[in-house]
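What's counted below: heavy atoms across the whole structure, side chains too, no hydrogens, waters or symmetry copies. Positions are given from 1 along the sequence.
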Amino acid sequence: NGQPGIQTSTSATPLAWGEDDCVAWHRDFPSYDAQRPVAWAGDVNPATCDDEKLWTSGCGGGFGGGIDVHVLNGATGDTLDMVNIPELFCGGFGGYGGAMDPDGNFWIAMNGTGSYGLARVTPDMEVNLWAYPSALSGYGLAVDNKGRPWVPSYGSVGVGRFDPATETWDTAGTFTSQGGVQQSRDLRIFVADQQTGVTVLDPETMAILGTATVPGGTVKGISLDVDGNLWAVTGAAYRFDATTLTET
């Protein structure tokens, strides 16, 4: 902004829009009513730390029609490629979760049920679609180390795991999840659980390994940090030791 140093927000009151030097760029999609998924492609040039692409999906027109998937330049926000998926209905907020797999494919999980619940868009913008199993009402999304999408559910099962190689689903749990999912460094799967807080599962057998009890409120967002902590967010933030599942 022409002033020496970096001017950025330092308190609960942010700087006015356009005055914060730490905002590298902003890309507006004014025609969209819903735009939730966003994921980095993970293809950083190790010599220059650039070339990374950003994937996102959105839809508009009064929640009608299909959804668009955009690939953006990570340095500028400009669209590099785009594909429309007319089979995915915008009425349930469009794509509700998005994540990349180890092969550079962008996965989208739809909210609730429908003809198609899960979509994969390849780096060449080829689209593949799959339905959810009948017991699964999708909410969020994570992709594990083997490239398998995990979808939390607020249906009669707690979470579903999709195997792209066999194009089949496995499900686990009878809890209700309407929140996040993430895999830890030791490969366990953590799923937001409306009954207890956070449920932990084995990535292969899908057996429940334990729970982190969150006092009060419905857990929505969860995250695992580099120090081995599990964070769970309701109306407040809670921190747990991810190994012992005890609150810290």
What is the ring orientation for Phe240 with Tyr238, classed by angle as parallel under 30°, tilted 30 to 60°, or perpendicular over 60°?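 Ring orientation of Phe240 relative to Tyr238: tilted.
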
What orientation do Phe162 and Trp169 show, parallel under 30°, tilted 30 to 60°, or perpendicular over 60°?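 Tilted.
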
Side chains of [X] and [Y] in contact at under 4.5 Å (non-hydrogen atoms):
X      : Y      : result
Leu54  : Val71  : no
Val181 : Ile189 : yes
His70  : Phe29  : yes
Ser57  : Gln35  : no
Trp55  : Val38  : no
Thr218 : Thr234 : no
Leu118 : Trp107 : yes
Val121 : Val83  : yes

If I compare all heavy atoms of [X] with all of [Y], which pair ends up nearest, and what's the gap?
X      : Y      : result
Gly138 : Val151 : CA-CG1, 3.6 Å
Asp241 : Thr248 : N-CG2, 3.8 Å
Asn105 : Thr122 : OD1-CA, 3.3 Å
Asp21  : Gly5   : OD2-O, 3.8 Å
Ala119 : Leu88  : CB-CD1, 3.8 Å
Gly98  : Ala39  : O-CB, 4.3 Å

Side-chain donor or acceptor of [X] paired with backbone N/O of [Y] under 3.5 Å:
X      : Y      : value
Thr79  : Asp81  : no
Asp124 : Glu126 : no
Gln195 : Thr176 : yes
Tyr132 : Gly117 : yes
Arg27  : Gly77  : yes
Ser153 : Ser137 : yes
Lys220 : Gln178 : yes
Ser11  : Thr13  : yes
Ser177 : Ala192 : yes
Ser9   : Leu15  : yes

Short N-O contact, Asp144 and Lys146, less than 4.0 angstrom: no

Does a salt bridge link Arg161 with Asp170, judged by any charged N lying under 4.0 Å from a carboxylate O? yes

Do Ile222 and Tyr154 sit in one hydrophobic cluster, given that two such residues count as connected whenever their side-chain heavy atoms are within less than 4.5 Å of each other, even indirectly? no

Quick check: are there more than 12 heavy atoms from other residues, nucleotides or ligands sitting under 6.0 Å from OH of Tyr116?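 No - once you tally the heavy atoms of other residues, nucleotides and ligands closer than 6.0 Å, there are 12 at most.
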
Side chain to side chain donor-acceptor pair (under 3.5 Å) evaluation trace for Asn73 with Asp78: CA-CA 5 Å; Asn73 183 310; Asp78 295 333; 5.8 Å; no

Do [X] and [Y] have a side chain donor and acceptor closer than 3.5 Å?
X      : Y      : value
Asn128 : Arg120 : yes
Ser184 : Asp186 : yes
Gln7   : Asp20  : no

Member of Ile208, Leu230, Asp193, Leu245 meeting the side chain to side chain contact (heavy atoms under 4.5 Å, CB included) criterion with Val200: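 By the side chain to side chain contact (heavy atoms under 4.5 Å, CB included) criterion, Val200 pairs with just one of Ile208, Leu230, Asp193, Leu245: Leu245.
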
Partner of Arg185 by side chain to side chain contact (heavy atoms under 4.5 Å, CB included), out of Val226, Asn145, Leu224: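 By the side chain to side chain contact (heavy atoms under 4.5 Å, CB included) criterion, Arg185 pairs with just one of Val226, Asn145, Leu224: Val226.
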
Please determine whether side chain to side chain contact (heavy atoms under 4.5 Å, CB included) holds for the pair Thr196 and Val214, giving the CA-CA distance in whole Å, both sets of side-chain angles, and the decisive distance to 0.1 Å. CA-CA 6 Å; Thr196 61; Val214 178; over 6 Å; no

To the nearest 0.5 Å, tell me how far Met206 CE sits from Leu209 CG. 11.5 Å

